[in-house]
2 protein chains.
Amino acid sequence: MDDKGNNERRRPKFKKVDKHSGIPAYVQVMNQVKTEVILGRLVPGDQLPPVRELETMFDVNVNTILKALDKLKSEGVLSSEQGVGYFVTSNIAIESPIIDELGEFVRKIKNVGLDLYTTILLIEEVWKNE
Amino acid sequence: MDDKGNNERRRPKFKKVDKHSGIPAYVQVMNQVKTEVILGRLVPGDQLPPVRELETMFDVNVNTILKALDKLKSEGVLSSEQGVGYFVTSNIAIESPIIDELGEFVRKIKNVGLDLYTTILLIEEVWKNE
DNA sequence: TATAGTGTTATAGTTATATAGAACACAGAA
DNA sequence: TTCTGTGTTCTATATAACTATAACACTATA
């Protein structure tokens with residue numbers, strides 16, 4: 001059928017990690033990959049780009065990529081087959097009405113002049129006391 | 001009058017840092033202190049507990065405390081006087097209606113079953129694309 | 001079988017993070 | 001002045017995070 005059989009290989013766009021953010025590189029890699037799955041831009045069956053390609057996309061070492069993907073494997077989000085590749089295994093996508101609601105919330109917050117960092121601090125704080 | 005003259009020394013409650021969270025201890029300390037100021041539980045003029053007391057409250061070394069407070073000094077949130085103490089200098093408190101709105105948002109999100117980690121991932125993602 | 005594309009493991013070295021412990025410096029009150 | 005409470009600096013050590021590099025193992029295809 002299309003070009004690869006059952007599941008195409010989509011080409012997710014990943015950004016280089018920020019090495020001065022204080023957040024470990026492997027965590028940033030995890031977060032970016034997981035976000036793609038949560039937003040449904042990667043779905044179960046999809047294959048990730050090869051680790052050596054991820055290496056250059058994220059601008060980190062293979063070992064850092066592996067550490068990140070390993071964690072996502074233990075979470076059940078990904079699986080890997082030696083000699084073949086990494087695949088999305090779990091459907092953790094969020095429904096789009098919820099995404100829309102998030103968007104509206106973010107717009108409001110930006111309107112009152114809060115920055116991202118402060119917003120996240122507050123959400124964490126409120127979350128624990130709700 | 002009260003007990004210290006102009007500005008009492010309030011006793012903020014800080015929690016021990018989570019040493020397995022992957023977030024550097026000094027960042028966790030920064031976040032907790034800054035949150036108190038943002039929520040207006042510490043206001044300009046207030047004095048922080050002595051660093052050696054913070055050491056035990058957060059369960060980290062003095063040097064880690066100093067690193068965190070140094071950062072907040074460069075942000076202008078705190079200042080320090082040798083031999084005296086650390087003081088809140090900047091009013092970055094958020095108005096309570098905004099806090100309330102955050103609370104409502106968090107309640108909604110919890111209702112649909114998202115966890116904190118996922119929520120923050122999504123907010124970061126949406127934030128950059130709004 | 002041979003080859004290319006993939007994941008996996010291992011070693012060594014560097015830097016960032018965090019700790020422990022000690023000493024020093026300043027402010028304020030006795 | 002002396003003492004206590006405070007912030008500050010320093011050195012040494014340990015661990016985690018990250019990198020570079022190389023080698024190895026499996027899969028699929030020619």
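To find a chain, count down the sequence lines: A is the first, B the second, and so on, and within it residues start at 1.
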Expressed in angstrom and rounded to an integer, what is the separation of [X] atom [atom1] from [N] atom [atom2]?
| X | N | atom1 | atom2 | result |
| --- | --- | --- | --- | --- |
| A:Leu54 | C:dG5 | CG | P | 17 Å |
| B:Leu78 | D:dT8 | CG | P | 11 Å |
| A:Ile65 | C:dT9 | CD1 | C1' | 16 Å |
| B:Leu66 | C:dT17 | CG | P | 16 Å |
| A:Gln47 | C:dG5 | CD | C1' | 10 Å |
| B:Met30 | C:dA18 | CE | C1' | 17 Å |
| A:Phe87 | C:dG7 | CZ | P | 9 Å |
| B:Glu53 | D:dT6 | CD | C1' | 12 Å |

Can you tell me if the side-chain N/O atoms of [X] get under 4.0 Å from OP1 or OP2 in [N]?
| X | N | answer |
| --- | --- | --- |
| A:Tyr86 | C:dG5 | no |
| A:Lys67 | D:dA17 | yes |
| B:Lys73 | D:dG7 | no |

Next item on the list: Look at the side chain of A:Tyr26 and decide which nucleotide, out of C:dT17, D:dA17, C:dG7, has an atom nearest to it.
Entry: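 Looking only at heavy atoms from C-beta outward on A:Tyr26, the closest nucleotide is D:dA17.
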
| said: Less than 4.0 angstrom from a charged side-chain N to a carboxylate O is my criterion; do A:Lys19 and A:Asp59 meet it? | reply: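 Between A:Asp59 and A:Lys19 there is a salt bridge, with a charged N closer than 4.0 Å to a carboxylate O.
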
Strictly below 4.0 Å, N to O, side chains only: are B:Glu53 and B:Arg11 in salt-bridge contact?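 B:Arg11 and B:Glu53: salt-bridged.
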
Hey, what bend do you get for the helix from C:dT1-D:dA30 to C:dA30-D:dT1 if you fit axes on five pairs at each end, rounded to 10°?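 Roughly 10°, once rounded to the nearest ten degrees.
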
**OP:** Indicate the atoms forming the closest heavy-atom contact of A:Val29 with A:Ala68, along with that distance.
**Re:**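 Closest approach of A:Val29 to A:Ala68: CG1-CB, 3.5 Å.
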
Could you tell me whether the side chain of [X] and the main chain of [Y] form a donor-acceptor pair under 3.5 Å?
| X | Y | value |
| --- | --- | --- |
| A:Asn91 | A:Ala93 | yes |
| A:Thr89 | A:Gly76 | yes |
| A:Lys108 | B:Ile98 | no |

Point to revise | Steps toward salt bridge (charged side-chain N to carboxylate O under 4.0 Å, His left out) verdict (A:Lys13, A:Glu36) | key: CA-CA 9 Å; A:Lys13 307 268 184 205; A:Glu36 292 300 296; over 6 Å; no

Starting at the 5' end of DNA chain D, which residue's closest nucleotide do you reach first, A:Glu81 or A:Pro24?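 Whichever sits nearer the 5' end wins; that is A:Pro24.
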
Report task. Return the set of residues passing side chain to side chain contact (heavy atoms under 4.5 Å, CB included) with A:Arg52 (not counting sequence neighbours), or none when no residue passes. Result ->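 Applying side chain to side chain contact (heavy atoms under 4.5 Å, CB included) to A:Arg52 gives A:Glu55.
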
A correct 5'-to-3' footprint of nucleotides 19-24 of chain C, with B, S and - meaning base, sugar-phosphate only and no protein heavy atom under 4.0 Å, is BBB-B-

**Study point:** salt bridge (charged side-chain N to carboxylate O under 4.0 Å, His left out) assessment of A:Arg41 paired with B:Glu125
**Key:** CA-CA 13 Å; A:Arg41 299 200 283 236; B:Glu125 177 66 19; 2.8 Å; yes

